[in-house]
Amino acid sequence: MLRLLLVCSCKRIRQFSYTIFSNPKFNIFLQALEDGLKRADADPSVKAVMICGENGKFSAGADIQGFSSPKRQGIALGPLVSLIERSEKPVVAAIEGIALGGGLEVALGCHFRVAHVQARMGLPEVTIGLLPGAEGTQRLPRLIGVPAALDLITTGRHIPATEALKLGLVDEVVEENTVEAGIRLANKLIGQPLGPRRLSLKPIPRLPNMEAFLSEALVKVKKQARGCLAPELCFQAVKAATEQPFADGVRRERELFNILLTSGQAQALQYAFFAERAVQRWTTLSGASWKSASPQPIRRAAVIGLGTMGRGIVTSLVKANIPVVALEQDVEYLNTGRKAVMLLLEREAMKMGQDAQSLDFHNPARLQFTVDFDGLRDVDLVIEAVFENMALKKEIFKKLSGICKPGAFLCTNTSALNIDEIASATSHPQQVIGTHFFSPAHVMRLLEIIYGRHTSPAAIATAMQLAKAMKKVGVVVGNCFGFVGNRMMFPYVQQAVFLLEEGSRPENVDQVIEDFGFKIGPFRMSDLAGLDVGWRSRKGQGLTGASLPPGTPARQRHGRRYSPLPDLLCEQGRFGQKTGKGWYQYEKAGGRTARPDPWLHSFLSEYRDTHQIKTRFIDQEEILERCLFSLINEGFNILAEGIASGPEHLDVIYINGYGWPKHKGGPMFHASTVGLPRILAKLQKYSEAHPDVPELRPSAFLKKLVAAGNPPLKEWMSCSGSQSSKL
Ligand SMILES: CCC/C=C/C(=O)SCCNC(=O)CCNC(=O)[C@H](O)C(C)(C)COP(=O)([O-])OP(=O)([O-])OC[C@H]1O[C@@H](n2cnc3c(N)ncnc32)[C@H](O)[C@@H]1OP(=O)([O-])[O-]
């Protein structure tokens, strides 16, 4: 909510309320702001104007929902910002809380900016697929210089007031009442010349070698954008500011803004913005929901197991200011784990700079290491993060059930195991919940939260609150093998391997997937994670290894197609990066640079010959469709079963945990843009060609949606007979 205060001889004389935040009044409030400014200019008793927010918040910018509305029309913000700047009377912005996007652009039109010390500012339009289209790309570089402006505009990061002051984005930072400080400042400015304060008239601060700087910056922006248009177009708009007069730069900004607005990527990113918020409103199949469940406070937590996952989880808890007890099975493991955790925390502290003091991780009251389960008696929550081994997990949960207080929540970090079976080892199954962290756990934002048959709503609400405290995005899902993320991943990886059997190479498949926008293709990913992980799981399932019944056909299991290729690589000791060889070769064991491996190419040829597989050229379209559509198909099965309560859950999981390009909105959003009839037709075609691959058989729910006329994504769940979407 923006307010305009008209300052007359040291007094606040009139007050109007405006907003550029609340939907659907964007244009109405802008009109009021424009009228107010014109009146202020015309009224000789008004000596200065101050723009501030209401309820301690300046503005979060334009209503994002409005950008995808076909009826978007009315007053443009840019000319209004110019009107503010042209005012003959000093206009001061008093920034409290947040000034983001269009909100900050309004402040840039003002002649002076004063901010509260706790305020945060930024131009986050790039994160929703746009650029600061209210002349912000032209004013900001004139104010703070090209490098700093490019950084803020192409990353969209929010900065604290203290940093804004250093950059020259604000003129003053105050700890007291910002509005009062703004009025004081406005009074001081009455009668002073305003020309030097009009940013549109200022020249761009020159750099010794602007051209070289810009070409280097462009390379960096492109590399980070990985196919997302907005950062590059943000760059182009700022570049225009360095080359053209203000008015021409504004015209260029508008052109680029319109390209982004209609690019499709902006819709995907804006969908992702709301999807992330929608998943906070969780529901379960039995009808429990965020509305009625209360999270319990976590005053102290414990982590069991200090392997890679446990170390990251301890680090996340410490960063969330939750005192932690970390437990290992013996002193040797404990010492190794302690060293690794301390190293992680020290690195985090370095990144945090001055704020690192708050971590206080050398204090035993904040972080304690033990091998004694008795140390877990008074914790409010335990996260078990030992190996993926059901017997071991059950043994630990049985122990916890006897030691922990009855109200303690017992979480298991698993990527696939049955939560109900783990819960059956305790006398409090309602306290047991799955928390699937992603590696590295202190970096990855996703937390899959899995409820079992007996999990209480309070346990779900507490896990969601914990995710928020750790600055993660929690997504509540039901209990099934692989939950949501890995269950959808399975057919995708399976198709990738089948494509190798039929004629592709790992580097061809990875390239197609990476060109689509994934951070990393399936084979590079598998080399990174370690091929032995899946091998162990397949051996456990009796799909390979000693327990495989004699006479089992090499390329078939339970009547379905199976590829033994990954097993054969593991038998050769090729576990991926850790052994220096996997689907690729690396410079050494532990090396990171994947190079295509001629050994693997001839191994694949021999394999095809042995199994008399006719090799063919597989084009990019087929690679992409078979990998992605099989993953999407599983998503429809998951929705039909009610394992997730809406497509946005699947999308948030894929964007935050599996490297799905955010500018493509997630797999289910992508399906909606491709069109469900096309996805169905393609799956039918591939399924006919591969009848022994059930994962390619179109989901009944997908067929139902196509028969219902391909409804928009937000209406899908009303066709499922299951729960409804939150969007
Ligand atoms: C010509 C160009 C002119 C200008 C362009 C722009 O300004 S582009 C815009 C540039 N601005 C941005 O990109 C800022 C985007 N916003 C943010 O970064 C954060 O929301 C926050 C930092 C403002 C508050 O974080 P927080 O963790 O305290 O709270 P929270 O995140 O949970 O949000 C609470 C509720 O508010 C909702 N909502 C929030 N903002 C908007 C919005 N602009 N619109 C609509 N809705 C918005 C949000 O959906 C949620 O609704 P729900 O689920 O309760 O129904």
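Order of listing sets the numbers, starting from 1, for every ligand and every atom in it. The first residue in the sequence is number 1, and the count goes up from there.
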Answer side chain, backbone, both or neither: which part of [X] comes under 4.0 Å from ligand 1, heavy atoms only.
X    : result
Q280 : neither
T127 : neither
I128 : side chain

What are the atoms of ligand 1, with element, lying closer than 4.0 Å to any heavy atom of [X]?
X    : result
I98  : 23 (C)
G61  : 7 (O)
G101 : 7 (O), 10 (C)

Heavy-atom count around E176 CD within 6.0 Å, excluding the residue itself: above 12? yes

Counting only heavy atoms from other residues, nucleotides and ligands, does the tally under 6.0 Å from NZ of K89 exceed 12?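 Counting other residues, nucleotides and ligands, NZ of K89 exceeds 12 neighbours.
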
Are any of the N or O atoms of [X] closer than 3.5 Å to those of ligand 1?
X    : result
G133 : no
R281 : yes
A60  : yes

Counterpart residues, side-chain hydrogen bond (donor to acceptor under 3.5 Å, both in side chains), relative to D151 (two or more places apart):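 Result, side-chain hydrogen bond (donor to acceptor under 3.5 Å, both in side chains) vs D151: R157.
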
Pair Y271 + H663: ring centers closer than 6.0 Å: no

Is any side-chain heavy atom of P132 less than 4.5 Å from a side-chain heavy atom of F257? no

Non-hydrogen side-chain atoms of I653 and F483 separated by less than 4.5 Å: no

Pi-cation contact, F112 with R197 (under 6.0 Å, within 45°):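 Output yes; distance and angle both within limits.
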
From A62, G136, G156 - option closest to atom 6 (C) of ligand 1 by heavy atom: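 Comparing heavy atoms across A62, G136, G156, the nearest one to atom 6 (C) of ligand 1 lies in A62.
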
